[in-house]
There are 2 protein chains.
Amino acid sequence: MMADRLAERLAGRIPAGAASPQRRLAAVAVELPDGVTPPGTRGSILRAALGLFSEFGFHGTSVRQIAAAVGINPATLYAHYPSKEHVLAELVFLGHRELYLRLSGALEQAGPSTAGQLAALVSEHALIHCDYPLLAVVANTELHALSAELAGPALEMRARCSDLLLTVLTDGAASGEFEMSDPVLTAIAIAGHGMHIAHWFVPGDPYDRGQVADGYAQLALRMVGARA
Amino acid sequence: MMADRLAERLAGRIPAGAASPQRRLAAVAVELPDGVTPPGTRGSILRAALGLFSEFGFHGTSVRQIAAAVGINPATLYAHYPSKEHVLAELVFLGHRELYLRLSGALEQAGPSTAGQLAALVSEHALIHCDYPLLAVVANTELHALSAELAGPALEMRARCSDLLLTVLTDGAASGEFEMSDPVLTAIAIAGHGMHIAHWFVPGDPYDRGQVADGYAQLALRMVGARA
DNA sequence: GTCTATATCTTGATAGAC
DNA sequence: GTCTATCAAGATATAGAC
């Protein structure tokens, strides 16, 4: 089976790449969605912080490390951001906004069947976590390091994303297209899949993004008891 | 629907308890498995560190904070542990060992049908995350803060746990009891459910631990295409 | 905007009395 | 085992020259 290597990697017996087996995520490429990276040094700071925060966490990363990764003096960072926390806040918000935009876009393009809508939602959810695993890990696991004020805008986006999924599930249950013993528990389980992907996915090893999206969409349809 | 409050909480509109909505986990009770807590001050340190690490992370918690929570002088901690990292290492290992012990125990008590074995494994996996959410969060999200040497024993336990699940899934696929397009991807998705529970579960709000275990077992059986 | 230099504070960990 | 006292390093952030 081609996926044997992945099973071994997930069991911790094969580290992804040359890294240690207890890394927080398997991916390495530092990438931000198109059109959202600020120009110049500000953007460089954001990308460097993304790489470091995803690997070592917010509290495990110092301003000096970020500056060194960018190739600037630590003091220069403060010409672009008022604090280290504000750098994290921008990343966390970017991640959540991108998620909402892509999920709502996918839902708009889906047809009228709730099964199709669910598949579109779950596929897109998987794809964004394949495309931006570092951003997803930072947005999700470092959100708690923000003050309530700085976390607020991201939480608003998160709430909207939850609503999208829950609406599709309850619609499907109401129309009889789905058959679930507990729509909320099912929604929770499906929503958890995306974040998990960000931790283990490495492009083409052994799956590509499309295979992951299809696989999880199929699983979700089974979970909701969609009539085949 | 009774679970509406949970949906609202997960969307971030109702914080669990009085805490901030961006907490890393919803639970609050600091608990360690029976018979594993060291006696005296060493045990108090472990419990205090568990509460703080789960909330603020390893790098977000200082030795002084741990000592203050225990009611001892910071220097006293070093009479029981050689470093802060060693406190974390003990927690991480305890969590992983407990998981392996309970999973393998559940599997031994299950009958010969692979569907029953899967249900037993998934139920137990859910239950332990309901019972010890703080320990689960620390064991999983702070493992990366350990050196390779200190993380090793926990990783060994983790590998064994992965094997248990993957064996049941491939057995079920071989016997025809299950029907999956991709057993590895399915195993990954099912394994991810447990950790997720540790983040959102609060006893009785609105589910009790048994309902969560049953719900996830049912979902897993659907995911593997078990013949009803 | 970027730098040098530094203020101020907190950190993990140790020495040594009791 | 627990304390007081403290060290040395690293943290975030600022002042001010260019």
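Protein chains get the first letters and strands the later ones, always in sequence-line order, with residue 1 at the start of each.
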I need the full list of salt bridge (charged side-chain N to carboxylate O under 4.0 Å, His left out) pairs touching [range], with sequence neighbours left out, sorted by first then second residue.
| range | result |
| --- | --- |
| residues 20-45 of chain B | B/Arg23-B/Glu55, B/Arg24-B/Glu142, B/Arg42-B/Glu90 |
| residues 61-70 of chain A | none |
| residues 187-208 of chain B | B/Arg5-B/Asp205, B/Arg9-B/Asp205 |

What residues, two or more places apart in sequence or in another chain, satisfy side-chain contact (heavy atoms from CB on, under 4.5 Å) together with A/Ala106?
A/Glu124
Identify, with sequence neighbours excluded, every residue that meets side-chain contact (heavy atoms from CB on, under 4.5 Å) alongside B/Asp163.
A/Arg13
Are B/Asp131 and B/Arg102 within salt-bridge range, i.e. N to O under 4.0 Å?
yes
Going 5' to 3' through nucleotides 3-15 of chain C and flagging B where a protein heavy-atom sits under 4.0 Å of the base, S where only the sugar-phosphate is that close, and - otherwise, we get BB------BBBBB
Rounding to a whole Å, what distance do you find between A/Ile45:CD1 and C/dT2:P?
8 Å
Between B/Thr41 and D/dT2, does any side-chain N or O lie under 4.0 Å from OP1 or OP2?
yes
Tell me, please, which residues at least two apart from A/Glu98 pass salt bridge (charged side-chain N to carboxylate O under 4.0 Å, His left out).
none
Mind checking what makes ring-ring contact (aromatic ring centres under 6.0 Å, His included) contact with A/His129, not counting sequence neighbours?
A/His125
Over the length of the helix from C/dG1-D/dC18 to C/dC18-D/dG1, how much do the five-pair end axes diverge, rounded to 10 degrees?
0°
